Amino acid sequence: DEGERFTIPALFTLPITGVSLPRSIGLALKSFVDQNAAAGIPTIVGLSSANSGLVFDTVPQLIADFSSRGPTNDFLIKPDLLAPGTGSYAAAESQDPRGENRFPSPDPPTLTAPLYDPTGFTFASGTSFSAPRAAGAAALLLQLRPDWTPPEIKSALMTMSARPSGIGELGSQRVLDRGAGLIDMQALARLQSLILPPSMSFGRQVGATGGSIVRRFEITNRADRETTYQLAAQITLGDPTISVRVEPSTLTVGAGQSGAFFLTLMIRPNVPTADTDSEGFVQVIDRQLTIPQSLYVPFWVRTAAN
């Protein structure tokens, strides 16, 4: 009276309530459940370990060691944001064990194993897997907000990113390692305010006498009602001779309108002789009228006396 049983191997275990299955087993399970449902029989699924199972020891929300770090050669913040790219289970070549290496090429042979599996799906890691996830997130957001421009889509992905703050997780990493953070699609679906630019690089500033640099930002209210934003800026790491100020601290913007705010970077005299990186962020909230939690705009500067 308990119904039929269908036992499947657990491919990996993590400290989360989730498990991944090969596509072939998933389709068989779906068919099994459908047949039972048609017959009015409940389905009980039991998970068991398997010798062929694949276990990932990597704790989630960590930045892969092969992920590129910033800044760029012209001292800009990179990366912009993060997306999953380690232990990716995705489509692969299923017809030829040589995979992509079967094609003639003038380039030297790669030392990386070909993406081949007779099931058509396999595990792999790399930024070549995180990049299409970011592109897919942008495509989904554009489908939801077809009137948003490409810079606005990019801004939304960055300013609504998540930064998990557990021990060693990406929220505790520097902006040149993790950019704005990890794409958060659930928050993006409710976002109706946009900031351009979505990050600010003050570059490399040299000089022992100090000075001030002002940068302009624009916030657009895409909602159908007026909203009032509260703005604050904070330095989280770096040279104690650096300080910031955001003005105004309160900004009201009408429905479908835009408003400006300004971030001032102040460098006091006697900066350290050696290159020193400083970073922080601007936070924008509006009582969750158009922003699910808060908009996050990172900034960064490298200073030296000479």
Side-chain angles (χ1 to χ4, degrees), residues 76-77 79-82 134 137-138 140-165 170-171 174-175 178-202 212-238 242-266 278-301:
L76 300 177
I77 293 175
D80 292 318
L81 44 72
L82 300 176
L140 287 173
L141 183 57
L142 184 59
Q143 185 179 33
L144 180 66
R145 311 293 186 192
D147 57 330
W148 289 11
T149 66
E152 288 176 332
I153 294 291
K154 177 181 178 180
S155 172
L157 292 174
M158 291 178 61
T159 57
M160 281 308 305
S161 60
R163 291 163 299 283
S165 57
L170 62 91
R174 296 182 53 193
V175 69
R178 48 115 171 121
L182 181 67
I183 294 176
D184 185 347
M185 290 301 296
Q186 185 175 8
L188 279 169
R190 296 180 288 136
L191 177 65
Q192 292 182 288
S193 286
L194 301 163
I195 292 178
L196 290 175
S199 67
M200 179 54 63
S201 300
F202 287 93
S212 297
I213 306 170
V214 181
R215 294 289 184 265
R216 182 184 186 275
F217 296 79
E218 186 172 275
I219 184 165
T220 300
N221 176 13
R222 287 284 194 167
D224 58 4
R225 57 180 173 177
E226 180 182 87
T227 188
T228 297
Y229 303 100
Q230 287 78 46
L231 303 92
Q234 178 181 344
I235 288 182
T236 57
L237 175 73
I242 300 295
S243 60
V244 291
R245 180 178 67 247
V246 63
E247 295 175 310
S249 59
T250 301
L251 178 63
T252 299
V253 180
Q257 301 299 309
S258 299
F261 66 89
F262 300 86
L263 179 67
T264 302
L265 176 77
M266 294 161 285
S278 301
E279 63 184 66
F281 62 91
V282 176
Q283 182 182 57
V284 181
I285 60 176
D286 70 348
R287 295 181 300 156
Q288 302 197 43
L289 294 177
T290 69
I291 304 170
Q293 293 95 28
S294 65
L295 292 179
Y296 174 91
V297 181
F299 60 83
W300 169 86
V301 64

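The shown structure was predicted, so the numbers you read here are calculated from the model rather than taken from an experiment.
R163 places no side-chain N or O within 3.5 Å of a backbone atom of L182 that could act as its donor or acceptor partner. Side chain of T159 to main chain of S155: a donor-acceptor pair is present (N/O by atom type, distance under 3.5 Å, no hydrogens or angles). Using a distance-only test at 3.5 Å, with no hydrogens or angles considered, a donor-acceptor pair links the side chain of N221 to the main chain of G254.
Annotation: the span from I77 atom CD1 to S201 atom OG amounts to 3.5 Å, rounded to 0.5 Å. Taking CE of M266 as the reference point, atom CD1 of I242 lies at 9.5 Å (rounded to 0.5 Å). With rounding to the nearest 0.5 angstrom, the CZ atom of R174 is 9.5 Å from the OG1 atom of T236. Separating the CG atom in L265 from the OG atom in S243 is a distance of 7.5 Å, to the nearest 0.5 Å. Rounded to the nearest 0.5 Å, atoms CG (L191) and CG (L141) are 8.0 Å apart. Separating the CG atom in L196 from the CE atom in M158 is a distance of 10.5 Å, to the nearest 0.5 Å.
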Take I213 and T264 through the test side chain to side chain contact (heavy atoms under 4.5 Å, CB included) and record every step on the way to the result.
CA-CA 6 Å; I213 306 170; T264 302; over 6 Å; no
Verdict with supporting geometry, I219 and L251, side chain to side chain contact (heavy atoms under 4.5 Å, CB included)
CA-CA 9 Å; I219 184 165; L251 178 63; 3.6 Å; yes
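At a threshold of 4.5 Å between non-hydrogen side-chain atoms, the residues D184 and S161 do not count as touching. Between Q230 and Q283, the closest side-chain pair of non-hydrogen atoms is not below 4.5 Å. Residues T220 and Q257 have side chains not in contact (no heavy-atom distance under 4.5 Å, counting atoms from C-beta outward). Two residues are said to be in side-chain contact when any heavy atoms from C-beta on lie closer than 4.5 Å; I195 and V284 meet this criterion. When side chains are defined from C-beta on, E279 does not count as touching I235, because their heavy atoms never get closer than 4.5 Å. Contact check for M160 versus Y296: no side-chain heavy atoms found under the 4.5 Å cut-off. Between L263 and V244, some side-chain heavy-atom pair lies under the 4.5 Å cut-off. In this structure, the side chains of L81 and L157 come closer than 4.5 Å at one or more pairs of heavy atoms.
Ion pairing between R222 and E152 holds under the 4.0 Å rule for side-chain N and carboxylate O. Taking the charged nitrogens against the carboxylate oxygens, R245 and E247 do have a contact shorter than 4.0 Å, which makes a salt bridge.
Heavy atoms of other residues, nucleotides or ligands lying less than 6.0 angstrom from CD of Q288 number more than 12. Heavy atoms of other residues, nucleotides or ligands lying less than 6.0 angstrom from CZ of R215 number more than 12.
Across every non-hydrogen atom of A260 and R216, the tightest pair is CB-NH2, 3.4 Å. What you find for R190 and P292 is that their closest heavy atoms are NH2-CB, 3.5 Å. Of all heavy-atom pairs between V175 and P298, the closest is CG2-CB, 3.7 Å. When every heavy atom of A156 is checked against every heavy atom of L194, the shortest pair comes out as CB-CD2, 3.8 Å. The two residues I183 and A134 make their nearest non-hydrogen contact at CD1-CA, 3.7 Å. Counting all heavy atoms, side chain and backbone alike, I291 lies closest to D286 at N-OD1, 3.3 Å.
Partner of F217 under the ring-ring contact (aromatic ring centres under 6.0 Å, His included) criterion, chosen from F261, Y229, F299, F262: F261.
One side chain, T228 or T252, offers a donor N or O that lies under 3.5 Å from an acceptor on the other.
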